[in-house]
Amino acid sequence: MLPPAYDAKQYEDAIYKKWESAGAFKAKVNPAKKPFTIAMPPPNVTGTLHLGHAVMLALEDIMIRHRRMKGYEALWIPGTDHAAIATQNKVEKILAGEGMTREKLGRELFLSRVREFVANSKDTIRNQIRKMGSSCDWSRERYTLDEDLSEAVTEIFVKMYEDGLVYRGYRIVNWCPRCESTLANDEVEHEEIEGNFYHILYPVKGEKEGLVVATTRPETMLGDTAVAVNPKDKRYKKYIGKTILLPLTNREIPIIGDDYVDLKTGTGALKVTPAHDPNDFEIGKRHKLATIRIMDGAGRINEHGGAYKGLDRFTAREKVLEDLKTKELLIKIEPLKHNVGHCYRCSAMIEPLTSDQWFIDVNKKVAKLGGKSLKERSLEVVKDKSIQIIPDRFKKTYLNWMGELYDWCISRQIWWGHRIPVWYCVGDGACKPECKNPIVGKTAPRQCPHCGSKQLRQDEDTLDTWFSSGLWTFSTLGWPKQTEDLKYFHPTSMMETGYDILFFWVARMILMTTYAIDDIPFQKVYLHGLVRARDGKKMSKSLGNGIDPIEMIAKYGTDALRMSMVVGTTPGNDVRLYEEKIEGFRNFTNKLWNASRFVLSILEEKGIKAKTKIDPKKLSDADQWILAKLNDTIKKADKGLDKYNIGETGQLLYDFLWNDFCDWYLELSKGEKQNPAVLHFVLKNILHLLHPFMPFVTEEIWSHLPGSQGFLMLQNYPTPIKGKFDGGTIQLGIELIGKIRYLRAENKLDPAKKTPVTIYAHANLGNVEKIRPEIIRLARVSELTLVESGEKLSKAATTMVEGMEIFIPLEGIVDTAKEKIRLGKEIESIHAQIKGMKARLDNPGFVKNAPPAVVAKDRASVLENEEKLEKLKAQWAQF
RNA sequence: GGUCGCAUAGCUCAGUUGGUUAGAGCGUUCGAUUCACAUUCGAAAGGUCCCAGGUUCGAAUCCUGGUGCGACCACCA
């Protein structure tokens, strides 16, 4: 016998171990079956499981388990991501605590330190993925820095280089002075800050007056190489061609005319700093201006900053302003709200600066893509629906973003990651001019192909972490080797992830995969929302409003946590999660447990040791009713999951178990017509249906179910049972019982006492007679008088349902005044209803245009209600 | 600046291709302890489906505009 309360911790880990050691999660190439593949978005090796992961794992596991039970070869590949900058930052922080820096440690020692850290946290995250019940194939676990995955990275890099898609360029990049590395455009977070607009007077050489420029970053004036005005600007036109004597450094810079300058912004005169502003860089190119970079990688002013050399950028700003003030060149300080980029990993303010970096050209047309560019191809596969995005609206978001994509800067000046497979000749004096060209290859070259020098130096930089994760769906299946796995399982069926990494990752996968293997990475993308706190705020450590999934699992069980994150949610919309919600699903888990306990006890009592056949001739009305409901539920659940309406399907199953099965069918089963075969059958189906959602509790109950063999997770998903079942009679009973309970409660009849009830059943007499014992029991009736029709009863509580009149005598038992008021209200409401429907039927347009079925329904309803009204009115007159 | 989303019961949310009286959970109120489950059971109250137009016989649902929140994108100093 099962214990009366389900205690999740007692079972979950053990069940998971059983599954895993039996190899239940493993998938293999099986031509007899259709594959269903999900590549798990690899969590970063830095951390522990958070709710974002938990939602992802719950959804993916539901999809995978459903398909597995439906007979697909279901493969879910787990893995982890080395998360370049994130991991490096984390280890650097640890080092800082020890008074150490990566520079002091040196590259090799630092990397071994990171590896050590990763080994630890990798285990943590792996075990937490298991805790969630994830049925992923651990034998195929991958890590973005695995040898074969690194090989894939190198392979692609070289290929892209050969196709001219990877190139080295001197450009303005987003630079994080904290991480001392570049960032891709979308790794920059724009945040509005309260800054200042500084108006500075730039004297014009040989003139008394000068030009006033406005800037938010005055320190960059140290690198100014021109002042630009709009040629159409009447105010400044005359200055074009003249020279500015740049304050503080006294460099002479030209005044140029450029259409880019907006007459209305600032003062209309723009200081041009090509090395530190993307627009200025473009202007600089147009006018062949010098590019003077004034900062080093850490954001300190370099030798070009003259007296300011060595100062941090913010200190330099203060000092520059101070000096300008002294020289009376600081004309005005105007407060200005403006957007400033910040590093998405460390939140430091981004400094745009010029640098030599590696880029991927997204606009170059290549033969390999049928004469299309990476961008065009990435747009195409979504436009032509090869890849479907759920929910649909994100398709537009994707297309917009992809359409505006700039070349992707892929080199990072950090140590943790895939080192760029590029070498440079640092020859010994015998170098030729072409020795300057980078040597790109899968393996380290022995010598310079041009001069033969053996003195080579590998590029110091590593690749953007998204470069390797962009290959995830196929690199995990063995590419560049043409494995059977790759042929069978790729493209993957589903990419399920948060909408927050649509650009970072999903788009990158599409871009890389279409190029690398001329295939889409996945057929569908399902984007889930962010998990938020009850008040809609983001969960964060600093706000202290976070919920730790591991803690919740310990408290309420994995099944409860999974359900709470999935039920009542829709794709793409954020989910608010709070403890009471999880608690509610803990209760639901317990409900299932106890319903099962009850059924199992009946089966035991009846000596049922195996599955028994349902005899179609021996089905009670209640049996028919529940089987009809079950069939309906199976159909809807299967369809719901096929269409990825996961939240809705969870709700459907919740309602079926709690309302239909427990509240009605099990209660009905406590009578004489108990049918163990049907109880067994329906419970078995419920376990199957709920299994993808709540794998642990269902598997545990399954193991106790007579006749169960093997794991529930490997059983077939239910299909509707053949045969027609008519639940109509019980449905009638349910409504009658409901009304009787209502009348009793409204009139405060003692619930402990049974009450006599009279029903004039009219045409339903035969049916109601069949379920007389059920009504008596569940409505607590002492004596049920069941007749076709009769006189109105004196001072009885009354209502009507399906044309039947229900009476409960009140006289001498309770105060009948209450009933008079209640009945009066009911009459009023019916009256209003009739009025509404009549108005509609009086509308010729309605009768003419509405489907006949709708009109007929209304007509019937009016007749029925009028009859009802008349009868209730007559009864009311009794009081 | 551009794009998108949301607005339904006190709270958190569902709501299928437009069709009687708009649903759930939590919370609230009233009641129940011989029951598989108090992690329970029965009953109830609670809604101008944000506002204004429009399409339609009929709108929570479709269209337009507005208001209020929110998100994302963006190299205007």
Side-chain angles (χ1 to χ4, degrees), chain A residues 2 4-6 172 174 185-186 188 190 197 213-217 220 228 260-262 265-267 269-273 277-282 336 338-339 341 352 391 393-394 396-397 400-401 404 406 499-500 502-503 530 534 536 556 567-570 572-578 580-581 583-602 636 640 645 647-648 651 654-655 662-663 666-667 670 738 741-746 748 750-752 778 780 829-830 832-833 836-837 840 843-851 853-855 857-858 861-862 865:
Chain A
L2 306 176
Y6 176 68
I172 282 270
N174 304 296
N185 289 341
D186 44 284
V188 177
H190 297 265
F197 217 10
V213 299
T215 179
T216 54
R217 295 185 299 155
T220 61
Y260 169 78
V261 182
D262 180 11
T265 308
T267 59
L270 172 70
K271 63 189 269 313
V272 183
T273 324
D277 183 282
N279 295 308
D280 294 8
F281 185 76
E282 291 303 317
L336 178 76
H338 63 136
N339 285 309
R393 70 183 128 95
F394 279 100
K396 207 168 171 183
T397 315
N400 282 345
W401 182 86
E404 287 169 20
Y406 287 75
Y499 65 73
D500 51 328
L502 176 62
F503 306 135
L530 260 47
R534 175 182 229 133
Y556 302 107
V567 173
T569 69
T570 38
N573 288 336
D574 292 350
V575 191
R576 299 196 195 195
L577 190 67
Y578 39 91
E580 294 94 304
K581 200 164 163 185
E583 201 183 339
F585 285 101
R586 188 269 319 263
N587 297 353
F588 177 70
T589 315
N590 196 55
K591 190 76 185 170
L592 172 62
W593 182 255
N594 270 289
S596 306
R597 210 161 78 93
F598 179 61
V599 173
L600 292 177
S601 74
I602 291 170
K636 283 184 183 153
N645 290 331
E648 209 180 312
Q651 183 71 50
Y654 181 101
D655 291 341
C662 292
D663 290 347
L666 288 188
E667 290 307 318
K670 287 173 184 170
R741 284 171 173 173
Y742 163 70
L743 288 179
R744 291 183 57 134
E746 287 292 301
K748 306 256 179 219
D750 184 351
L778 295 181
R780 299 190 62 76
S829 124
I830 294 167
Q833 249 178 78
M837 264 181 285
R840 188 166 36 221
N843 180 345
F846 174 68
V847 181
K848 199 175 132 203
N849 294 318
V854 175
V855 180
K857 218 171 171 186
D858 265 17
S861 185
V862 168
N865 276 310

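Lettering follows sequence order; numbering is per chain, from 1.
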field: Interatomic distance where CH2 belongs to W401(A) and C1' belongs to C72(B) [whole Å]
entry: 13 Å

For D262(A), side-chain hydrogen bond (donor to acceptor under 3.5 Å, both in side chains) partners two or more places apart: T265(A)

message: Rounded to whole Å, please give me the gap between CZ in F394(A) and P in C6(B).
response: 10 Å

Flag, side chain of R741(A) to backbone of R780(A), donor-acceptor distance under 3.5 Å: no

query: Whole Å only: how far is the CZ atom of R597(A) from the C1' atom of C35(B)?
result: 12 Å

Taking only nitrogen or oxygen atoms into account, show me every contact under 3.5 Å that the protein makes with nucleotides 39-45 of chain B, one pair per line with its distance.
| residue | atom | partner | partner atom | Å |
| --- | --- | --- | --- | --- |
| U39(B) | O4' | N587(A) | OD1 | 3.1 |
| U39(B) | O2' | N590(A) | ND2 | 2.9 |
| U39(B) | O2 | R586(A) | NE | 3.2 |
| U40(B) | O3' | K591(A) | NZ | 3.1 |
| C41(B) | OP1 | K591(A) | NZ | 2.9 |
| C41(B) | OP1 | W658(A) | NE1 | 2.5 |

field: Validation row: N185(A), N174(A) side chains within 4.5 angstrom (heavy atoms)
entry: yes

message: According to side-chain hydrogen bond (donor to acceptor under 3.5 Å, both in side chains), who are the partners of E580(A), at least two apart in sequence or on a separate chain?
response: R534(A)

message: Measuring from atom CG of L592(A) to atom OH of Y6(A), what distance do you get when rounded to the nearest 0.5 angstrom?
response: 9.0 Å

message: Using heavy-atom distances to pick each residue's nearest nucleotide on RNA chain B, tell me which of K748(A) and L666(A) is more 5'.
response: K748(A)

- line: Applying salt bridge (charged side-chain N to carboxylate O under 4.0 Å, His left out) to K748(A) and not counting sequence neighbours gives none

- prompt: Taking protein heavy atoms under 4.0 Å as touching, what does nucleotides 11-19 of chain B look like 5' to 3' if B marks base contact, S marks sugar-phosphate-only contact and - marks none?
  reply: SSSSS---B

message: Using the C1' atom as the point on both nucleotides, what is the distance between A14(B) and G23(B), in whole Å?
response: 7 Å

message: For T220(A), give me all partners under side-chain hydrogen bond (donor to acceptor under 3.5 Å, both in side chains), at least two apart in sequence or on another chain.
response: K271(A)

query: Using the C1' atom in both, what is the distance from A52(B) to C13(B), to the nearest Å?
result: 27 Å

query: In whole angstrom, what separates N865(A)'s CG from U20(B)'s C1'?
result: 9 Å

message: Taking any heavy-atom pair under 4.0 Å as a contact, classify T265(A): base, sugar-phosphate, or nothing.
response: base

- request: Kindly determine whether T267(A) and F197(A) satisfy side chain to side chain contact (heavy atoms under 4.5 Å, CB included), including the steps that lead there.
  value: CA-CA 10 Å; T267(A) 59; F197(A) 217 10; over 6 Å; no

- prompt: Just how far is it from atom CZ of F846(A) to atom CE of M837(A), taken to the nearest 0.5 Å?
  reply: 10.0 Å

message: How many whole angstroms separate atom CG of D655(A) from atom P of C26(B)?
response: 11 Å

task: Not counting sequence neighbours, which residues clear salt bridge (charged side-chain N to carboxylate O under 4.0 Å, His left out) with K670(A)? List them please.
output: E667(A)

statement: Sequence neighbours excluded, the answer for side-chain hydrogen bond (donor to acceptor under 3.5 Å, both in side chains) partners of T570(A) is N573(A)

- prompt: Starting at OH of Y499(A) and ending at P of A71(B), how long is that distance when rounded to a whole Å?
  reply: 9 Å

- request: For G65(B) and C76(B), measure between their P atoms and round to the nearest Å.
  value: 27 Å

field: 5' precedence on RNA chain B between N843(A) and P4(A) (nearest-nucleotide basis)
entry: P4(A)

query: Say you pick atom C1' in G18(B) and the same atom in G58(B); how far apart are they, in whole Å?
result: 8 Å

statement: L530(A) CG to A71(B) P, in whole Å, measures 10 Å

task: For E648(A), enumerate each residue passing the salt bridge (charged side-chain N to carboxylate O under 4.0 Å, His left out) test, keeping only those at least two apart in sequence or located in another chain.
output: none

task: Can you tell me which stems RNA chain B forms, taking runs of 3 or more consecutive Watson-Crick or G-U pairs with both distances under 3.5 Å?
output: B:1-7 with B:67-73, B:10-13 with B:23-26, B:28-32 with B:40-44, B:50-54 with B:62-66

message: Going by salt bridge (charged side-chain N to carboxylate O under 4.0 Å, His left out), name the residues that satisfy it together with R840(A), two or more places apart in sequence or in a different chain.
response: D858(A)

field: C63(B) to A22(B) separation - C1' atoms, rounded to the nearest Å
entry: 22 Å

What's touching nucleotides 1-4 of chain B from the protein side, N or O pairs under 3.5 Å?
| residue | atom | partner | partner atom | Å |
| --- | --- | --- | --- | --- |
| U3(B) | O2' | N400(A) | ND2 | 3.3 |
| C4(B) | OP1 | K396(A) | NZ | 2.4 |

- request: Take atom C1' in G5(B) and the same atom in U21(B), then report the distance between them in whole Å.
  value: 32 Å

query: What distance, rounded to whole Å, do you find between the two P atoms, one in C50(B) and one in C11(B)?
result: 14 Å

statement: dist Y406(A):OH -> D186(A):CG (nearest 0.5 Å) comes out at 13.0 Å

- prompt: Considering only the C1' atoms, how many Å lie between U48(B) and U34(B), rounded to the nearest integer?
  reply: 49 Å

query: Rounded to whole angstroms, how far apart are CZ on F598(A) and P on C37(B)?
result: 10 Å

message: What I'd like to find out is whether the side chain of D655(A) reaches to under 4.5 Å of the side chain of Q651(A), using heavy atoms alone.
response: yes

message: Mind checking if V261(A) touches a base, just sugar-phosphate, or nothing, with heavy atoms under 4.0 Å?
response: base

message: So, does H190(A) get its side chain near the phosphate of C75(B), meaning an N or O under 4.0 Å from OP1 or OP2?
response: yes

